[in-house]
Amino acid sequence: MTRYLAGKLGGALVSLALVVVLGFLLFRVIPGDPVVTMTRGRPVGAEQIAELRARLGVDKPLREQFVDYLAGVLRGDLGTSYVYSRPVLELIGERLWPTVLLVGTATLLAVALGLWLGIRGAWRRGSRFDRVSTGVALTQWAMPTFWLGMLLSMATGDLFPSGGMRYPDTPPDFLSQSVDVAHHLVLPCLTMIAVVYAQYLLVMRSSLLEEMHADYLTTARAKGLRDDLVRRRHAVPNALLPTVTLVFLHLGLVVSGAITVETVFSWPGLGLLTYEALTGPDLPLLQGTFVVLAGAVIFMNVLADLAYRVLDPRVRAA
């Protein structure tokens with residue numbers, strides 16, 4: 001187990017190192033000049049522009065910029081935002097909680113909904129419920145997230161807020177703030193659930209269908225166990241293994257995929273921060289959010305490998 005864990009952590013560190021390098025090079029090919037964007041519409045001369053380039057460090061050769069960036073990353077310093085004039089880590093820390101709240105809530109509800117529909121659909125394979133639930137899930141999965149979010153916003157704009165995380169005039173007490181945040185959370189959370197839950201439904205349905213013809217289920221039925229007990233105690237626990245792995249794998253991707261939803265609903269998380277950084281481009285902020293989001297995917301991949309090894313004895317024995 002120690003050797004296995006060391007191998008996975010080593011692979012994760014190598015992947016993270018590649019992400020750091022890629023994050024630097026990728027955003028250097030984005031069209032746009034941050035200095036031009038920052039000075040657009042302002043009466044600035046050539047000397048002021050040159051001074052601003054020197055202060056931001058974009059006048060240096062690419063190699064020197066990369067060395068400075070790498071040295072900062074090793075110190076735990078992701079630089080200072082061009083637009084906000086604040087440390088990138090400080091900005092990411094402020095925006096991390098709203099993203100965790102949105103992604104965590106949406107993932108929990110999507111997993112619960114997907115598992116329930118997948119189990120019921122598999123046990124009643126070919127029924128009207130199975131056909132309708134699978135068809136609806138596939139249709140929503142195929143929809144662009146931003147388009148679905150705008151549809152929900154237009155359809156329920158009178159019932160739920162379509163932007164922000166809270167109203168500025170909400171009383172400062174904990175209960176009022178919590179209710180206000182939950183009210184604003186409804187539409188972005190529903191959008192993410194509608195797109196994400198189909199994956200859990202399909203994987204759970206497929207896994208359970210494979211288990212339904214196993215010999216141990218036939219033996220359980222021969223002993224006189226009711227169908228619901230056979231399903232709950234024997235079939236579902238074994239069919240859950242691929243779905244649990246998918247939850248960990250997909251959680252990192254959902255964090256990075258929240259950019260679209262947060263932008264549509266102006267949810268003040270890492271996704272919206274990344275979108276705002278792209279409009280500059282704010283290179284230090286882009287690099288920082290890219291490393292954090294990609295790091296979340298890598299971390300969740302390691303957790304998925306470890307969880308599958310713990311849950312499935314066949315993997316431990318291999």
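Residues V179 make up the rest of the hydrophobic cluster containing L175, defined by ILVMFWY side-chain heavy atoms closer than 4.5 Å, directly or through other members.
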Working for side-chain hydrogen bond (donor to acceptor under 3.5 Å, both in side chains), residues T170 and Q177: CA-CA 7 Å; T170 303; Q177 290 286 329; 5.1 Å; no
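In this view, R86 and E90, E94 satisfy the salt bridge (charged side-chain N to carboxylate O under 4.0 Å, His left out) rule, not counting sequence neighbours. Shown here are the side chain to side chain contact (heavy atoms under 4.5 Å, CB included) partners of L151, two or more places apart in sequence or in another chain: W147, M154. Partners of R166 by salt bridge (charged side-chain N to carboxylate O under 4.0 Å, His left out), not counting sequence neighbours: none found. Judged as a salt bridge (charged side-chain N to carboxylate O under 4.0 Å, His left out), and not counting sequence neighbours, D180 has no contacts. Taking T80 as the reference, nothing meets the side chain to side chain contact (heavy atoms under 4.5 Å, CB included) condition, with sequence neighbours excluded. Partners of V73 according to the side chain to side chain contact (heavy atoms under 4.5 Å, CB included) rule, which considers only residues two or more places apart in sequence or in another chain, are V20, Y69, L78. With sequence neighbours left out, the side chain to side chain contact (heavy atoms under 4.5 Å, CB included) criterion links V136 to V132, Q140, Y197. Evaluation of the side-chain hydrogen bond (donor to acceptor under 3.5 Å, both in side chains) rule for D173 yields S176 as partners, not counting sequence neighbours.
Applying the salt bridge (Lys or Arg N to Asp or Glu O under 4.0 Å) definition to pairs two or more places apart or across chains, none involves residues 281-302. Within the structure, the salt bridge (Lys or Arg N to Asp or Glu O under 4.0 Å) test picks out no pair touching residues 98-121 (sequence neighbours left out). Contacts classified as ring-ring contact (aromatic ring centres under 6.0 Å, His included) and involving residues 264-288 (residues at least two apart or in different chains) are not found.
In summary, R205 and E210 do not engage in a salt bridge, as defined by a charged side-chain N under 4.0 Å from a carboxylate O.
Residues F290 and V19 are in side-chain contact: their nearest non-hydrogen atoms beyond the backbone lie under 4.5 Å apart. At a threshold of 4.5 Å between non-hydrogen side-chain atoms, the residues V83 and E276 do not count as touching. L113 has its side chain within reach of I193: a pair of non-hydrogen atoms, C-beta onward, lies under 4.5 Å apart.
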